[in-house]
Amino acid sequence: MVEDESPLERERRAKVVRIRAAGGEPYPWSFPGRLPTSEVAARAKALEPGTHATGGDPVAVAGRLRTTRTHGKTSFLDVDDLAGSLQLFVRVDELGEERYQRILADTDPGDIVGARGVPLLTRRGEPSLLVHELEILAKAIHPPPEKFHGLQDPEERIRRRYVDLLASPETRQRFVARSLLTRELRAFLDGERFLEVETAALVPTASGAAAEPFRTHSNYLNGPLQLRISLELPLKRLLVGGLERVYEIGHVFRNEDLDSIHSPEFSELELYWAYADYTDMRALAERMYHRLAQRIAELLPESPAAREAPERFRPPFATVDYVTELERRSGISDLLSKSPEQLRALARAAGANVPDDSSAGKFLDKLFEHYVEPTLERPTFVLDYPALTTPLAKRHRSRPGLVERFELFSQGVELGNAYTELNDPDEQEERFRAQLKGRGDDHYAYDADFVEALRFGMPPASGFGLGIDRLMMALAGIPSIKDVILFLPVRPRPT
RNA sequence: GGGCCCGUAGCUCAGUCGGCAGAGCAGGCGGCUCUUAACCGCAAGGUCAGGGGUUCGAAUCCCCUCGGGCCCGCCA
């Protein structure tokens, strides 16, 4: 392994040896009492330029050394932590010749260091720490990416996200923002008296959506299991059980390709609300998106898209009717009276590559994707889908052939999906059976135990599902899902 | 799965018509007590993704393989 190292890495290993030989420890156990760099910078800014704090206790910062500027007997070292960055002012006058030279000789960009000293504002007005002591907290053997351009190679940014993170404050802030956005989402739902639950990711048969599952094997069961493709059916069982308002945030898995808006493993939120319908849910969704938009604007003030999010997601959102809008955009009339063969021909004419044995619902979806979705630029609710497309939603109370469903689109991308939930067990059983007859690749797996659960009585309810990754993309204006997921599936690196 | 493009030093990138493998950053040595992409000087650093072919000669042209990006197709 040592043979594979670059000259730079050999040089750094030599420093490790040298530090130990001098009685030092390049990987110490702790560094107590540090403050965020932002805190020390704030104290420094309160000083007159060219002065440092006098009296009072010394302060400490710790973080990754980014760069060193040496001017003979004075040096400037920039240290990054999660809060920001601070310049360390290192001077032979404070440290003595021997310690000063040793610090410069032993440290490299990329090292984790800790420094103690007093706040100082330079003559040029740069907040700094006048260093009394500096120690290496973790010696880096690999050099960090180039200090100005950072890590540019898109492959390396995904394979070694930690390097992307350590080299790029923007990447760090993006993922911090995502985490805090999810926290805000939980706070909102908790405030609405929803109960967070966790259901099984390993299931006998993945259902609740039309997608190819990952398949695995259980030694305990001595039989096959699948990874869930949706959270829907377990959560509705909890409504049967009386939990009334539940939500889950978790990963679902779909054995499909990765592209700029799809990942095989992604984060989903689903919530289920007893005694409410999809109109109630639409109002809740609007309030939720608006609150999250306000939060992202606070979290990413440098991002123009994030700053505009509160205005963009200000209720009420635009609405269009599914069938009306599809007929208007496509020029096709009487869509709901078309035969599956006619719909297939229309879908093919619109450029969709669909197998012959797909369901009529699939053909309709393809038409909608082609004619309507690209036009949905502003956040827009699409209302009342054909029943053919949606086997788990309740039939519309007044519009035959339709179900009570909405989806939210923004910039042509689907952000969320909600129904008034189907709770008639006999109708659910019939819809599952109709799915199986389609025999295409787009059916929902029959879940007999779920039908059994409905026979115990599920209260009228509405459910809503959305992808957390796409939520983050839409609010923060990030075009690729690869930039909002920390660790993506990657092929093994060739040896 | 199909098409197009990319892979050169640890990192960011040049490399023309096929003719000695280049720069900046980082690292080494020397200089510099308020710099901030610090600066100045010297020396060092390469499996040009991997394999094969054409050629007097290949980073450069051709073929194959691996990895990646974008677009299209598919799940959201």
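Here is how names work: the chains are called A, B, and so on, in the same order as the sequence lines, proteins then strands, and each is numbered from 1.
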* What distance, rounded to whole Å, do you find between the two C1' atoms, one in B/rC61 and one in B/rU16? -> 15 Å

* Hey, is the side chain of A/Asp259 pairing donor to acceptor with the base of B/rC74 inside 3.5 Å? -> yes

* Asked: Checking only heavy atoms, does the side chain of A/Gln152 share a donor-acceptor pair with the base of B/rU12 at less than 3.5 Å?
  -> no

* To do: Determine the Euclidean distance between corresponding C1' atoms of B/rG46 and B/rA23; express it in Å to zero decimal places.
  => 14 Å

* Identify whether any heavy atom of A/Ile261 sits under 4.0 Å from a base atom; if not, whether one sits that close to sugar-phosphate; answer base, sugar-phosphate or nothing. => base

* With P as the reference atom in both, quote the distance from B/rG15 to B/rG73 in angstrom, rounded to an integer. => 34 Å

* To do: Tell whether A/Gln87 reaches the base of B/rU35 with its side chain through a donor-acceptor pair below 3.5 angstrom.
  => yes

* Decide if atom CZ of A/Arg378 counts as having more than 12 heavy atoms of other residues, nucleotides or ligands within a radius under 6.0 Å. => no

* Do A/Tyr385 and A/Glu407 have side-chain atoms, one donor and one acceptor, less than 3.5 Å apart? -> yes

* Structure fact -> When rounded to whole Å, the NZ to P distance for the pair A/Lys139 and B/rA26 reads 14 Å

* Does a donor on one side chain sit under 3.5 Å from an acceptor on the other, for A/Thr171 and A/Asp164? -> yes

* To do: Please work out if A/Gly150 contacts a base, only the sugar-phosphate, or nothing of the nucleic acid, heavy-atom cut-off 4.0 Å.
  => sugar-phosphate

* Asked: So what does A/Val413 touch, heavy atoms closer than 4.0 Å: a base, only the sugar-phosphate, or nothing?
  -> nothing

* Asked: So does A/Ser75 reach the base of B/rU33 with its side chain, donor to acceptor, closer than 3.5 Å?
  -> no

* **Salt-bridge contact A/Glu39-A/Arg43 (side-chain N to carboxylate O under 4.0 Å)** => yes

* **A/His262-B/rA76 aromatic stacking (under 5.5 Å, under 30°)** => no

